[in-house]
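Every chain is numbered from 1 and lettered A, B, ... according to where its sequence line falls, protein lines coming before strand lines. All of these numbers come straight from a predicted model, not from anything done at the bench.
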Amino acid sequence: MGKDSSDLFGALFDAPPLARPPLVSVVSVLVPLPVPEAYSYAVPDGMAVMPGSVVQVPLGPRQVIGVVWDGEPDPRLDPKKLRPITQVFDCPPLTDEMRSFIDWVAGYTLSPPGLVARMAVRAPAALEPEPMVEALRYRGGEPERMTPARARVMDLVRDEVPFTRSGLSHAAGVSISVIDGLVKQGLFETVFLPPPPVVARPDPDYTAPRIEGPQKQAASEIVEAMQGGGFSASLIDGVTGSGKTEVYFEAIAQALRQGRQVLILLPEIALTASFLERFQDRFGAKPAEWHSDLAPRMREKVWRGVVTGEVRVVAGARSALFLPFEELGLIIVDEEHDSAYKQEDRVFYNARDMAVVRARIGQFPVVLVSATPSVESQVNGQSGRYHLVHLPTRFGEAAMPDLHLIDMRRHPPERGGFLSPVMLRAVKKTIEKGQQALLFLNRRGYAPLTLCRVCGHRFQCPQCSSWLVEHRFKGQIQCHQCGYAEKTPEACPECGTFDHLVACGPGVERIAEEVEKHFPEARTIVMSSDLLGGVKRMRLELEAIAKGEADIVIGTQLVAKGHNFPLMTLVGIIDADLGLANGDPRAAERTFQLLSQVTGRAGRTGLKSHGLLQTYQPQHPVMQAIVSGDASAFYEREIGEREKALLPPFGRLASIIVSADTRLDAETHARALRAAAPKVSGITVLGPAEAPLALVRGRHRFRLLVHGRRNSDMQGYLRSMLANGPKVRGTVHVQLDVDPQSFL
DNA sequence: AGCACGCCGACT
DNA sequence: GTCGGCGTGCTC
């Protein structure tokens, strides 16, 4: 069977040679629906489409955007009754490369291809070319009465270079009405100019690379590898401040010299003005941005620039991976370990992994970058799948902070407090020198749990049963799970006793209270996401801290990323063990990554700096990895643990992985599965984006991914699967012997 | 994904 | 008597 749709019609119309088959051509179109296949549409006379064409088609009562795909229309459909394509958008069709990528992602993530395709054509109004802009060109003659303002305009326009109305008024420093006056006198003709580019073109040789030693070596290794062309995957693994960005900037320069487009993926939070400025300093222009809260107008312009090839570099969040670049030649995935690369709704994917796939399909390099690589990437680095580039030292004047553990069993805090005397002494010394201390605790609010001393009542969320967290600044108790909040009650709702509520454990607000008690003179700031005043206030506070307008900063995760604080020479981790025992198989990895990031905030400007970690488990591999500065033993152990966790003994079936729209659904399905088959052990429940990764070493012989939202259906499917073996109808997909990394 | 239809509980 | 909750079905 060929791919040409004429085969199908051969089959349909061959038998009785009626009159002539009607001259109607039919194509497959991926529509934005969760259905497994493309739909078929008629192509009206005179309309030209090809695979990849972006079209508008009728779907039920509405019009939707679709993409012409290859593949044969369903033979059961009557071609005469097919609805026609409404219009073809005037934009370049998706490339073969892009279509292969979409098909691959849909297959791998078990997602409907139409929903994957939709991610590539999500800027609806951008599908038509941008209108030309009106401009004025001098056509000769003189103004009736010359005035100083008119003279300034005339000086500019005499060489007949066209200006837009507002451009001319700006350039001449006159008001619009002066221009209009001259237009009325017939001095100008209207011409149309192509719209201005969204961003200027970056120049690979705008400035010389500012790197030396190991960084230069690493950069030339990568650039050399790029010379030959073709696919390669590299992992740059370097401590905070080791010049990773400078190294991958050289890879970008090389791709630009080769005339290719570049995509830089960043976790949403890292897409900051400071990153864009750094890029501009090196390349003379900013990259185009792509993220969820880009203004619609800008989104269209960038999309358009990307397909036409006018935009050369995009810095974007995970969704940028699905932009239909004209000639993409390099992808950088910065902070590759960051969980923000996972999308866990609609189409479930990890942009980091899909970036590798896109590069493989397009035959160009991909560079993953992290100070604390994910365990998966570490495995791929060790096995040789990824080319490892290790940057062990800091770059320039920055020195690594001196890191120590505080064994809390030997140096306990005073009664009612949470800060060890060792920590307090270090803070004191730091602020005496006029430097800054950061106390990190990844817990918002005053206390994670509140209870009544009289009856033992614990404040629990009425909606989701997690503890309610007291926020003293706001006078509220809040649920950090679902957002439920109420005013902090004065009396116990259970026994009615007043003033007997007791806070258990620390949050940042409570640490602030303790700090103020010990250092009443110090300027103390609490930084957490519930800072009153929103993003604007937050930015101001961060700037103030950078300028040295605070002595002690107490913060949650929020302070871990991005910002540079030149005077920050002490980082104190208040509860380094927090997060190690939450049942997540990635708990240790996450803790290691977070703590590395936070301690990396110190010492980036040449001042001698320190990091102190309060812990009850000084022997824990995470603590050892952090203070020794050598993570290799930690990674070895993690890889082993991960394999044990993900490969439970399961008889002939290696394991069943249950994954659904949400982790919660997956848990529900797993419960149903366990109830239906009490003897089955070894059911692994993962979030959808994680399920394929679980097969990191490809040893599973069987996997089951459950997709669907109807819980009752799911339970039925699961039961019937157990009763009848893996022959299940409906929305349950079963794949046998899949090696998820077979693309490499 | 949207959106229509249809069936049961609590209200202007 | 209706308004509206969500469970179900359909889209070439």
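- In this structure, Trp69(A) and Pro113(A) have side chains that are not in contact, with every pair of non-hydrogen atoms separated by 4.5 Å or more.
- Between Glu268(A) and Arg318(A) there is no salt bridge, since no side-chain nitrogen of the basic residue lies less than 4.0 Å from a carboxylate oxygen of the acidic one.
- A straight line from CD of Gln63(A) to C1' of dT11(C) spans 13 Å, rounded to a whole angstrom.
- Gln476(A) and Thr488(A) form no side-chain donor-acceptor contact under 3.5 Å, judged by distance and modelled atom types alone.
- Tyr41(A) has its OH atom 11 Å from the P atom of dT11(C), to the nearest Å.
- Rounded to whole angstrom, the span from the CD1 atom of Ile65(A) across to the C1' atom of dA1(B) amounts to 14 Å.
- Here the rule is side-chain contact (heavy atoms from CB on, under 4.5 Å) with Asp338(A), and of Ser374(A), Ser370(A), Pro267(A) only Pro267(A) fits it.
- Ranking dT11(C), dG2(B), dC12(C) by closeness to the Leu77(A) side chain, first place goes to dC12(C).
- Atom CG in Leu115(A) sits about 17 Å away from atom P in dT11(C), given to the nearest Å.
- Straight-line distance from the CG atom of Leu59(A) to the C1' atom of dG9(C): 14 Å, rounded to whole Å.
- Pro58(A) comes within 4.0 angstrom of sugar-phosphate atoms only, judged by non-hydrogen atoms across all strands, and of no base.
- As rounded to whole Å, 12 Å separates atom P of dC3(B) from atom CG of Leu33(A).
- Regarding Met119(A), its CE atom lies at a distance of 13 Å from the P atom of dA1(B), rounded to whole Å.
- For the pair Leu82(A) CG and dT11(C) C1', the interatomic distance rounds to 13 Å; values are reported in whole Å.
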